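Heads up, the thing below is written out as structure tokens.
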Amino acid sequence: MEQGRPFSATEHPLVDFDALCQQLRAAVEPARAHAVSLHDEHGDLLWLSENSMGPDEHNAVREAIEAFSSNSSPPVLAYCLGDSRSAVLLRAVNGRRTMVGAIMMIMDTRAIPQDDRGAIKLMTPKLQRVLMEFASIRPASDQAREPAPAAPAAPVTLSTSADSASPASSSAPFELSLIDSGRVPVIKPAPPKAARSSLDPATGAAAGARAATDQRIAKNQRPTKDPRPTNDQREPAVTPEIDRLHAALRRSPIALHVQRMVPLTKGSQLKRYEVLLRSKSEDAPNVAPHAMLKAAVEHGLGSMIDRRVVTELIGWLVHHPDVWETHAVMFSVNLTMTALHDEHFIKFVDLCLAKSSLPKAMIGFELDVLTAVKLAGRVAEVAAALHGLGCPLVLDDFAMRTECFDLLRLPGVRYIKIAPQITENMRTDKLSQAAVTAVVQMARVLGMYTVAKRTDTQAEQEWLTALGVDFIQSNAMSPPAAIDSLSKGQKTKH
């Protein structure tokens, strides 16, 4: 951090962050806090005792926010910044045990106990009181989505069947289904009273009589042309080909595989995976269904596949809590172009996350850069909505183009997967080396992580480490595996 006047991202006159900072410094004495920064539950800066933060401090905040999303994470984390400095992060929670922010203090590494308990020894009663005061002035954005205290806990069940699910009863099991269109969750409201009354024989007879009278009157009148388009003109009928494809998508058995992003530096406590769709059919087991995905996207049914993946993933996580209770994890799901156009998709994701009660930031979404550039306006809305739900974003195949740089302004972007064309010649081409270094430096300043793909050799891994890349994702270093292998009792190591 650079020395200078304090920075504040809020102008609220009733919040005295400077006084809170002084209390923090006094609470850790005789140790010294060289700098203090206050952050919200997403890691965004609220107040800073200096005038700027460096890339290492940004990365420490991101790491801690992701780790704090796990229930098993300690309330205090320490990250070495080099030069005998460490970043100590404190989690602030409200009365409902919901994280509402975090505090970072830059301290001398020697002031942090170097034993099994480590930084947790810094949590004195005085420091706890300061944390409680900070939590009391922070709004709890998630309270609106939390169930009322008196409501009984509901069992969680996930399904992709076509059966309808009724939201009328809050104690009903959680069932997420897909209707035949594949575009919205099956949450069907009760039919309007007018529509139900047509089933009554007397009402139906009266309506028929009125219709007959209207017909006789119409015969005596000169017909006029209705300028409004007919239903057929407004909404073309669904073709038999789309019907067959939709039925095939519903019947096709799918399986989820994951591929880990392997860290190139030590100290990362969060395990990150990309979720991959695989066929579960007997003819081609564990094969990526490229033809099915291409046909679905071309016919506007890609959102249906995205929904199935999200439903299957959350259902698996709910039934395998050992995967995320012991250590923090993040799973990124690829989004198709159809999902970006689908106005109901975000509501579907919100419903899944709210009902599953999984830790925040566990489910992320991956956007292809070319698709994001084509749909820049819509992507900005989707990114803001997902950021509000606590879902991190991954930009895939990032290239050195101006339109790609604009995507870094999207809220919630946490990972940048560098296009393989940039990294494949880095050992012999200085321009490629400069491009990788430029992306890494931009990511560090913005508090993001970089990922290199398709690296097959140890030499390439050493080059990427030297250039500052954070992760690699390749079949050689960490091949895709069935998601079941992450659960306890499996021999496969990840």
Side-chain angles (χ1 to χ4, degrees), residues 1-2 4 7-10 35-69 73 77-82 85-92 99-106 261 263-272 328 330 332 360-362 364-367 369 372 380 383-384 386-396 398 404-418 436-452 467-471:
M1 295 187 182
E2 295 183 8
F7 166 83
S8 177
T10 177
V36 176
S37 59
L38 309 178
H39 304 263
D40 64 12
E41 65 273 19
H42 303 296
D44 295 330
L45 184 63
L46 297 174
W47 187 87
L48 177 63
S49 62
E50 316 305 321
N51 63 355
S52 66
M53 288 176 57
D56 294 334
E57 288 89 347
H58 276 292
N59 288 336
V61 172
R62 299 303 179 194
E63 284 276 354
I65 292 296
E66 291 171 346
F68 285 155
S69 64
S73 172
L77 295 173
Y79 298 91
C80 180
L81 303 178
R85 297 181 310 130
S86 290
V88 177
L89 277 297
L90 311 171
R91 177 173 55 189
M99 186 173 74
V100 294
I103 297 176
M104 180 173 69
M105 297 184 294
I106 305 302
M261 291 185 277
L264 292 177
T265 57
K266 297 181 180 180
S268 177
Q269 301 179 13
L270 177 70
K271 292 187 176 182
R272 303 159 176 86
M330 192 275 285
S332 61
K360 291 184 64 174
M362 181 181 294
F365 292 93
E366 195 159 321
L367 297 175
V369 165
L386 291 176
H387 182 55
L389 299 179
C391 300
L393 283 184
V394 182
L395 295 179
D396 190 25
F398 188 88
C404 294
F405 297 145
D406 292 337
L407 297 176
L408 298 178
R409 301 180 183 274
L410 292 175
V413 176
R414 293 293 176 264
Y415 302 90
I416 302 172
K417 290 188 176 181
I418 305 173
V436 174
T437 303
V439 175
V440 168
Q441 291 302 317
M442 281 191 299
R444 287 186 175 179
V445 171
L446 296 172
M448 303 173 185
Y449 300 102
T450 50
V451 184
L467 293 175
V469 176
D470 299 301
F471 300 91

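Below, each value reflects all heavy atoms present in this structure, side chains not excepted, and no hydrogens, waters or symmetry copies. Given the structure is predicted, the values throughout are model-derived calculations rather than measurements.
We find the CE-CG distance between M104 and L48 to be 7.5 Å, quoted to the nearest 0.5 Å. One finds the OG1 atom of T265 at 7.0 Å from the CZ atom of F471 (value rounded to the nearest 0.5 Å). One distance of note links CZ of R62 with CG of L89; it measures 11.5 Å at 0.5 Å rounding. Rounding to the nearest 0.5 Å places SG of C391 at 11.5 Å from CE of M362. Atom-to-atom distance recorded for T450:OG1 and L395:CG is 12.5 Å, nearest 0.5 angstrom.
For S86, the side chain to side chain donor-acceptor pair (under 3.5 Å) partners are T109, not counting sequence neighbours.
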*Apply the test side chain to side chain contact (heavy atoms under 4.5 Å, CB included) to residues I416 and L408: give CA-CA distance (whole Å), side-chain angles for both, the deciding distance (0.1 Å), then the verdict.*
CA-CA 9 Å; I416 302 172; L408 298 178; 3.5 Å; yes
*asked:* As a quick check of understanding, evaluate side chain to side chain contact (heavy atoms under 4.5 Å, CB included) for L407 and V369, giving each step before the final call.
replied: CA-CA 8 Å; L407 297 176; V369 165; 3.8 Å; yes
*Which is it for R272 and Y415 under the side chain to side chain donor-acceptor pair (under 3.5 Å) test, yes or no, and what are the steps along the way?*
CA-CA 11 Å; R272 303 159 176 86; Y415 302 90; 2.7 Å; yes
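Side-chain contact between S73 and R91 is present, with at least one heavy-atom pair separated by less than 4.5 Å. When side chains are defined from C-beta on, E63 counts as touching Y449, because their heavy atoms get closer than 4.5 Å. Side-chain atoms of E57 and S37, non-hydrogen and from C-beta on, never get closer than 4.5 Å to each other. Within the 4.5 Å cutoff, no side-chain heavy atoms of D56 are placed close to those of Y79. The closest side-chain heavy-atom distance from E366 to K417 is below 4.5 Å. Side-chain contact between H387 and L410: absent, with no pair of heavy atoms (C-beta onward) separated by less than 4.5 Å. No side-chain heavy atom of V451 sits less than 4.5 Å from a side-chain heavy atom of D470. Within the 4.5 Å cutoff, side-chain heavy atoms of N59 are placed close to those of R444.
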